[in-house]
Amino acid sequence: MLTLSRVSRRYGETIALDGVDFVVPENTYMSLLGASGAGKTTLLRLIAGFEEPDQGEISINGERIDGQPTHLRDIGFVFQNFALFPHLTVAQNVAFGLRYRTNAPLTNETEIKDRTEEALELVGLTGFGHRAVSAISGGQRQRVALARTLICEPRIVLLDEPLGALDANLRSRMCDELKAIRERLGVSFLHVTGSETEALTMGDKVAVLANGRIMQTDAPDTLFSHPGNADAARHLN
Ligand code: ATP
């Protein structure tokens, strides 16, 4: 279970996060819904350790992770723009994390190959390993980015607007696949989006972030029928 307690972060005069209390339970698809500037990316960056909170605590299963270096947190991050290495093949991109992770780099080539094939199979890209990432579609790049994250077996996977760069058709397919992959792995996903439809369809639970505060966290049905306050309701109209 990931827990944020009274987490705040400011940039000069801008308060990006303002005393956020937030829990992502085990084995859960959690959507985090918020308008542009609500603080979604900042929240992910603090969890991943790219930045530290000014105040508050972040923990996983009771163990504080704020202050720990990123590579020791065992957290997966899938970036909106995929952030793949264009000069590497699909398999090289996927294996990258295993080879170069600072805590325990893997050097056994057979194990790297087997785990890469498993990760590619998981995201429906069996047989694509030798391709150049420049020669595959946007949806396939998104899967490569996901495989590269999942191969390191993170404790939680953070997805920053993962469907933002995809067209409507691909988006709906990826929605189903992301849910299926998460269920198969049994790990929690935290999926950040500005789209109500996406948040409500994807999430077992949906949290609404506005002006750096969590306004409501509920199951999608409850949130849709009983938005708990005006700020949360504004996101569901
Ligand atoms: P979007 O959906 O547009 O990416 P967001 O919900 O992810 O928005 P954040 O990127 O977390 O929002 O930004 C929250 C607030 O903090 C915004 O007002 C933003 O301008 C500000 N902010 C974020 N990062 C920085 C930074 N490095 N320096 C200054 N201000 C920042």
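All ligand and atom numbering here is 1-based and tracks the order in the structure. Counting from 1, the numbers follow the sequence of the chain as shown. Predicted model only: the values in this text are computed from it and were never measured.
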Check Glu161 with Arg171, please: is the shortest side-chain N to carboxylate O separation under 4.0 Å?
no
Charged N to carboxylate O below 4.0 Å: is that the case for Arg213 and Asp18?
yes
Starting from atom 8 (O) of ligand 1, which protein heavy atom do you reach first, and at what distance in Å?
Gly37 N, 2.8 Å
For atom 19 (C) of ligand 1, what is the closest protein heavy atom, and at what distance to 0.1 Å?
Thr14 CG2, 4.7 Å
Can you name the atoms of ligand 1, numbered from 1 with element, that are less than 4.0 Å from a heavy atom of Ala16?
14 (C), 15 (C), 16 (O)
At the 4.0 Å heavy-atom cut-off, does Gly12 count as touching ligand 1?
no
Give a yes or no on whether a salt bridge exists between Glu183 and Lys179, defined as a side-chain N under 4.0 angstrom from a carboxylate O.
no
Between Arg155 and Glu63, does at least one N-O distance fall below 4.0 Å, as a salt bridge requires?
yes
Between Arg99 and Glu109, is there a salt bridge with N-O shorter than 4.0 Å?
yes
Does Glu161 reach ligand 1, in the sense of a heavy atom lying below 4.0 Å from it?
yes
Under 4.0 Å from a heavy atom of Ala35: which atoms of ligand 1 are those, numbered in the order shown and with their elements?
6 (O)
What protein heavy atom lies closest to atom 10 (O) of ligand 1? Include the residue and the distance to one decimal.
Thr41 CB, 3.8 Å
Closest to atom 31 (C) of ligand 1 among protein heavy atoms sits Tyr11 CD1, 3.2 Å
Ligand 1 contact by Gly34, heavy-atom criterion under 4.0 angstrom
no
Is there a heavy atom of Gly194 sitting under 4.0 angstrom from any atom of ligand 1?
no
Measure up the Phe79 and Phe77 rings against each other and bin them: parallel (under 30°), tilted (30 to 60°), perpendicular (over 60°).
parallel
